[in-house]
Trainee: 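I have a structure here, written as structure tokens, and I will follow up with some questions on it.
Lettering follows sequence order; numbering is per chain, from 1.
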Amino acid sequence: MNVDLPASRDAPSWPSARLLPLGDQHLLVRFSEGLTQSANAAAIEFAQLLNSSEIPGVLETAPNLVSVLLRYDPEAISFMRLSGEIGLRLKTSRAARALNANQHKIPVRFDGPDLNEVAASVELDIAAFITAHNAAPLKALATGFAPGFVYAGFHSEALRVPRRTRVRQQVAAGSVLFAAGQTAIAATDIPTGWHVIGHTEFRNFHPEQDPPSTIRPGDTLVFEAIK
Amino acid sequence: MTRLRIIRAGALATLQDAGRFGYLAHGIGASGPMDRSAFSAAAYMTGGAGPVGIEFTTAGLELEVEDGACTLGLAGGEFSATVNGKAIAWPGACDLATGDRLTITAGPTGNFGYVRFHGNIEMGRVLNSASTNSRIGLGGAQLSAGDALEVRSAAETERGIAPQQVEDGPIRVIWGLHAEQFSPDVRTAFVTEAFEMTSQMDRMGMRLRDPSGVFASAPNLNLVSDAIVDGDIQILGDGTPTVLMRDHQPTGGYPRIATVIGSDQDRLAQLRPGTKVMFSPITVEHAQTLLRRGY
């Protein structure tokens, strides 16, 4: 039932993908089991391709960290037929697509309760940690978990810290979170096991607007320290 | 225009419509009724209903018409309903006038019931939907005593589908995103041992009791956060199986062994705490044939 598709040998091509049924109304195109830059880039680009090359019966497309979720109407198209349509698109060249990425400036007050601990764990003083954190722009990897919640990465290996062992039941919207080589921004109040390193006035969720979030996967995030 | 006043509402009485579809890419799930067929049946009983209805639980619901008149339909599980103290049928319908009071209390079966109106409630509409997402507090409303609702004539009404006989037998599932990461023994036990519904159920999910310890020694997997869909059965770190329902978070990192098929999600939502439940795997093709047949 699962369809394994080998990567074409003609570069540039899509990496191999698995097409998996999630229940009877969703299909997941998964490029990797682990989080890698190449799988993430493929998920973002393939979601854009699907949005520009509509498949009848597909109702909605959403990229995740390493996959693309398609919601479809099984009365209009079966899982097998949809798998065939996706297989055809995975055999097309990947090159022609220009990523229309936007850049977002994220002003951050580095005042989070976990900032000291995080800086110490990567053996930097706070000023040096902030400089290292903001040194290079990050890529928005995915939106998920909660409305407008954005994962951004990747930091260098030297800045990689694990999640906290204890989950905080609620951190406020605007919390800037840090773990697993990534920085994430909470757009609503959420529970989290990530380290809270700062806060931003930037909000990536405006329910009164449509679309309700402005950062799209693939966009560039530039973090700036403010007092 | 008809004005209703909520006299009594349980903690999980919410406004719902078909759902807030189309915003997964923004981290927003669809929500919508826990029992979609009962929501539709309530529209049928109304004789054509506006898109927004009230979902309530075994904690019941009581409302009074303060001004005007309205026709409403009732369905979902088996509840007891009275108008001004006089019993009416369930599922059923009634015409209410100013001063009339509708009282709904739990009956022998079911967790979720619905009131639909021959008219529309224009309240809390966010991103093209009035559905209340209880997890993120978006849209519609969680109703409580004292709330006023205005029912206005609807531009168009939904006919709905007549109440149907609820099927018996195991809850059918399709193997899930992480099924292969469970051992063959665990997978076999999952579809041969009985689980039990618990009182830890809400619009986000329903925790199951696992008396045979099917997942007692399930490994803690370090997974990339990935898409969650309605009906996913996820195994928490302590081995607790949970069926994720309409207000689930859109992505998550706990392993999902299987997904309840679309045709059986409504039935599962109505199983009371203490009810035994068995799971039976079917193919996606079979599940889609059932959906096309309309269950």
Trainee: Using 0.5 Å steps for rounding, measure from the CD atom of B:Q288 to the CE atom of A:M80.
Mentor: 10.5 Å
Trainee: Heavy-atom distances under 4.5 Å only: say whether B:R256 touches chain A with side chain, backbone, both or neither.
Mentor: neither
Trainee: Given that the side chain runs from C-beta out, which part of A:T188 has a heavy atom under 4.5 Å from chain B: side chain, backbone, both or neither?
Mentor: neither
Trainee: To the nearest 0.5 Å, what is the distance between NE2 on B:H26 and CZ on A:R216?
Mentor: 9.0 Å
Trainee: Only pairs of heavy atoms separated by less than 4.5 Å count here; which of A:D24, A:N64, A:D210 has the most with chain B?
Mentor: A:D24
Trainee: Crowded around A:I55 CD1? As in, over 12 foreign heavy atoms under 6.0 Å?
Mentor: yes
Trainee: Heavy-atom distance under 4.5 Å to chain B: side chain of A:L28, backbone, both or neither?
Mentor: side chain
Trainee: Chain A heavy atoms under 4.5 Å from B:L138: which part of the residue, side chain, backbone, both or neither?
Mentor: side chain
Trainee: Check the surroundings of atom CD in B:E156: do more than 12 heavy atoms from other residues, nucleotides or ligands lie under 6.0 Å from it?
Mentor: no
Trainee: For A:L22, which atoms come within 4.5 Å of any heavy atom of chain B: side chain, backbone, both, or neither?
Mentor: both
Trainee: Of all the residues in residues 227-244 of chain B, which have a heavy atom that comes within less than 4.5 Å of a heavy atom in chain A?
Mentor: B:A227, B:V229
Trainee: Under 4.5 Å, counting heavy-atom pairs only, tell me which of B:G137, B:G253, B:S225, B:A258 racks up the most with chain A.
Mentor: B:S225
Trainee: Who among B:A25, B:G27, B:G29 has the most heavy-atom pairs with chain A under 4.5 Å?
Mentor: B:G27
Trainee: Tell me whether the count of non-hydrogen atoms from other residues, nucleotides or ligands lying under 6.0 Å of CZ in B:F215 goes above 12.
Mentor: yes
Trainee: Taking atom CD of B:E180 and atom CG of A:L20, what is their separation to the nearest 0.5 Å?
Mentor: 7.5 Å
Trainee: Search all heavy atoms of B:I136 against all heavy atoms of A:P147 and return the closest pair with its distance.
Mentor: CD1-CG, 3.4 Å
Trainee: So A:H26 and B:T259, side chain to side chain contact (heavy atoms under 4.5 Å, CB included) or not? Walk me through it.
Mentor: CA-CA 11 Å; A:H26 296 81; B:T259 304; over 6 Å; no
Trainee: For the CZ atom on A:R163, are there more than 12 heavy atoms of other groups (residues, nucleotides or ligands in this structure) within a distance under 6.0 Å?
Mentor: no
Trainee: Give me the atom names and distance for the closest heavy-atom approach of A:G23 to B:V284.
Mentor: O-CG2, 3.8 Å
Trainee: Work out which heavy atom in A:G144 is nearest to a heavy atom in B:T251; give both atom names and the distance.
Mentor: C-OG1, 3.6 Å
Trainee: Could you name the residues of residues 189-208 of chain A that have a heavy atom within less than 4.5 Å of a heavy atom in chain B?
Mentor: A:F205, A:P207
Trainee: Any heavy-atom pair between the side chains of B:L177 and A:R30 that's under 4.5 Å?
Mentor: yes
Trainee: Which atoms of A:F145 come close to chain B, meaning under 4.5 Å heavy atom to heavy atom: side chain ones, backbone ones, both, or neither?
Mentor: both
Trainee: Looking only at non-hydrogen atoms, find the nearest pair between A:E60 and B:Y23 and report the distance.
Mentor: OE2-N, 2.9 Å
Trainee: Under a 4.5 Å heavy-atom cut-off, does chain B meet the side chain of A:S32, its backbone, both or neither?
Mentor: neither
Trainee: Does any heavy atom of chain A fall under 4.5 Å from the side chain of B:N133, the backbone, both, or neither of them?
Mentor: neither
Trainee: If every non-hydrogen atom of A:R71 is compared with every non-hydrogen atom of B:G22, which pair is closest and at what distance?
Mentor: NH2-N, 4.1 Å
